[in-house]
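Working notes, structure below.
Hydrogens, waters and symmetry mates play no part in the numbers below; they use all other heavy atoms, side chains included. The chains referred to below are lettered A, B, ... by the order of the sequence lines, with proteins before strands, and numbering in each begins at 1.
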Protein chains: 2
Amino acid sequence: MAKAKRTLKWQRDPEGMRLRILEAAKQEFSAHGLAGARVDRIAAKAGANKRMLYYHVGNKDELYLAVLEGAYDKIRSEERGLDLEHLDPPEAIRRLIEFTWNYFLRNPEFLSLLQTENLARAKHLKRSAKVKSMHSPFVEMIRTVVRRGVASGDFQVAVDPVQLYISIAALCFFYLSNSATLSVIFGRDLLAKDAKDERLAHMVGLVLAALTGQSAALFEIAKTSKSRTAVAQTV
Amino acid sequence: MAKAKRTLKWQRDPEGMRLRILEAAKQEFSAHGLAGARVDRIAAKAGANKRMLYYHVGNKDELYLAVLEGAYDKIRSEERGLDLEHLDPPEAIRRLIEFTWNYFLRNPEFLSLLQTENLARAKHLKRSAKVKSMHSPFVEMIRTVVRRGVASGDFQVAVDPVQLYISIAALCFFYLSNSATLSVIFGRDLLAKDAKDERLAHMVGLVLAALTGQSAALFEIAKTSKSRTAVAQTV
DNA sequence: ACAGTATTTATCCAACGGGTTAATTTCTTC
DNA sequence: GAAGAAATTAACCCGTTGGATAAATACTGT
């Protein structure tokens with residue numbers, strides 16, 4: 001009678017559940033910030049029950065921190081694969097800019113999470129032993145590139161690698177994270193394909209020109225290599 | 001008997017009240033974001049009753065929008081006083097960078113408000129007729145400076161003024177708005193006096209070097225003119 | 001003085017939201 | 001195949017919070 005294998009009322013999958021919860025939480029936190037995020041929505045999005053969040057991860061704050069750590073983990077590991085050492089210095093810088101730009105484009109939630117955490121003055125991040133220990137040997141990679149560039153005569157200045165990294169991140173990050181208000185202010189759609197190409201060209205031109213002292217030439221190269229839209233025509 | 005002027009139980013001051021409410025709201029929203037802000041705290045901070053917010057401004061959202069519009073209003077009006085037209089082009093750019101940097105330093109709530117609004121993808125700002133109409137003739141000011149710089153031979157490239165403005169804002173904004181997480185990551189206090197001086201020098205050097213093509217010279221000038229801390233020593 | 005209006009205070013409440021408790025179902029292992 | 005552990009569900013709890021109602025107090029004109 002009860003011979004046929006009864007259909008299960010639910011599946012068991014702790015690993016998968018935890019991942020789905022973190023993924024759903026990432027979306028929710030990046031879309032609504034910490035205070036705006038709703039625990040119930042995260043549960044629903046993860047195809048789970050609210051209780052599960054507490055069972056598998058912890059309370060809202062722990063969940064948020066876990067998401068944040070995951071996000072840092074991901075970008076750091078991709079960065080490690082960049083390996084700028086064997087490119088000639090200007091090309092290395094160009095690749096760094098393009099990587100950063102594309103990473104931000106591909107991972108908009110990362111930008112939102114950082115914004116949210118900065119609004120909280122990094123209150124949560126400070127408590128994270130994990131993130132503090134994973135701050136990358138990336139700065140050393142950049143330092144090496146700059147040194148080599150100066151030695152080879154490609155670069156005019158031995159700029160501080162941290163300043164340079166912050167500047168590159170700034171140029172990419174701000175444009176994207178603030179594109180909504182900037183688009184309203186300037187009455188342009190800054191996320192249109194053309195606009196994004198133009199921006200990348202501008203950033204590469206700006207940074208390389210500053211380092212090499214070849215403004216005109218480099219802005220020109222940047223312009224033509226990546227897009228046909230004018231970077232500098234609107235004068 | 002009831003002759004002596006009875007002490008008033010409360011003062012009447014609609015204008016002042018409205019201002020106090022907006023100021024309190026600005027602090028609350030910038031400190032906690034839209035969702036995190038508490039209407040009761042705003043009321044308390046304004047030395048008022050919660051009901052007053054609704055009487056004088058409207059509900060939470062309208063209050064938020066009013067604060068945002070006020071913030072834009074303020075920076076736009078200060079910008080108008082900049083008047084870069086009669087400076088020689090490189091000096092004009094330097095002044096623009098310094099103004100932007102100092103404005104952000106003096107008005108950290110402005111940064112927070114913009115971050116908050118961008119997390120909301122400018123949902124509220126889009127509904128604001130006021131802000132859309134006040135988007136400044138600032139771009140034209142910059143365009144003129146760039147034109148003059150190219151004509152005089154100071155600048156090598158006729159860069160798009162909007163890109164330039166966004167880049168300058170980016171360099172200043174990101175450093176400050178993300179200083180909390182960056183400080184944790186890099187293990188430096190980026191808001192220390194020295195660090196801020198170093199940053200300003202770096203930004204001026206970067207942008208002017210790119211425009212003029214005089215990297216080494218300009219980084220050097222930027223370094224020595226504003227601080228004795230090295231911009232480019234850490235190689 | 002008196003009426004009418006503008007401003008402020010004092011309560012109240014329904015919905016929401018994070019977190020908990022307790023019961024149910026699946027897996028493991030002996 | 002029974003017991004115990006792990007995973008999942010369902011239902012409830014209770015402080016918070018945005019917003020509303022109604023009453024009190026000050027101002028204005030007549």
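Among the protein residues, A:A35 comes within range of no part of the nucleic acid, since none of its heavy atoms lies under 4.0 Å from any strand.
Aromatic ring pairs are classed by plane angle as parallel below 30°, tilted from 30° to 60° and perpendicular above 60°; the pair B:F174 and A:F173 is tilted.
Computed from coordinates, the B:I42 CD1 to D:dG19 P distance equals 11 Å when rounded to whole Å. With rounding to whole Å, B:L53 atom CG is found 14 Å from D:dT17 atom P. To the nearest angstrom, C1' of D:dT8 lies 8 Å from NE2 of A:H56. As rounded to whole Å, 7 Å separates atom P of C:dG17 from atom CZ of A:R41. Atoms CG (A:L63) and P (C:dG18) sit 11 Å apart, rounded to a whole Å. Spacing between atom NZ of B:K50 and atom C1' of C:dA10 amounts to 12 Å, rounded to whole angstrom units. Put simply, NE2 on B:H32 is 11 Å from P on D:dT17, counting in whole angstrom units. In this structure, CE of B:M52 is placed 9 Å from C1' of C:dT9, rounded to the nearest angstrom.
In the set C:dT25, C:dG18, C:dT8, C:dG18 carries the atom at the smallest distance from any side-chain atom of A:D40. The nucleotide whose nearest atom lies closest to any side-chain atom of A:R51 is, among D:dA10, D:dT8, C:dG18, D:dA10. Residue A:R12 places its side chain closer to C:dT26 than to any other of C:dT20, D:dT8, C:dT26. Counting only heavy atoms from C-beta on, B:Y54 has its side chain closest to D:dG19 among C:dG19, D:dG19, D:dA7.
Contact of the A:H202 side chain with the B:D160 side chain is not registered, since no non-hydrogen atoms from C-beta on lie closer than 4.5 Å. Contact annotation: the side chain of B:L171 never approaches that of B:I97 to less than 4.5 Å [non-hydrogen atoms, C-beta and beyond].
For the side-chain hydrogen bond (donor to acceptor under 3.5 Å, both in side chains) condition, the pairs that include at least one residue of residues 16-26 of chain B, sequence neighbours left out, are B:E23-B:Q27.
Between B:Q11 and B:L34, the one whose closest nucleotide on DNA chain D sits nearer the 5' end is B:L34. Nucleotides of DNA chain C nearest to A:N49 and A:R38 differ in position, and the one nearer the 5' end is that of A:R38.
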- Task: Carefully, step by step, assess B:S177 and A:N118 under the rule side-chain hydrogen bond (donor to acceptor under 3.5 Å, both in side chains).
- Result: CA-CA 7 Å; B:S177 72; A:N118 275 294; over 6 Å; no

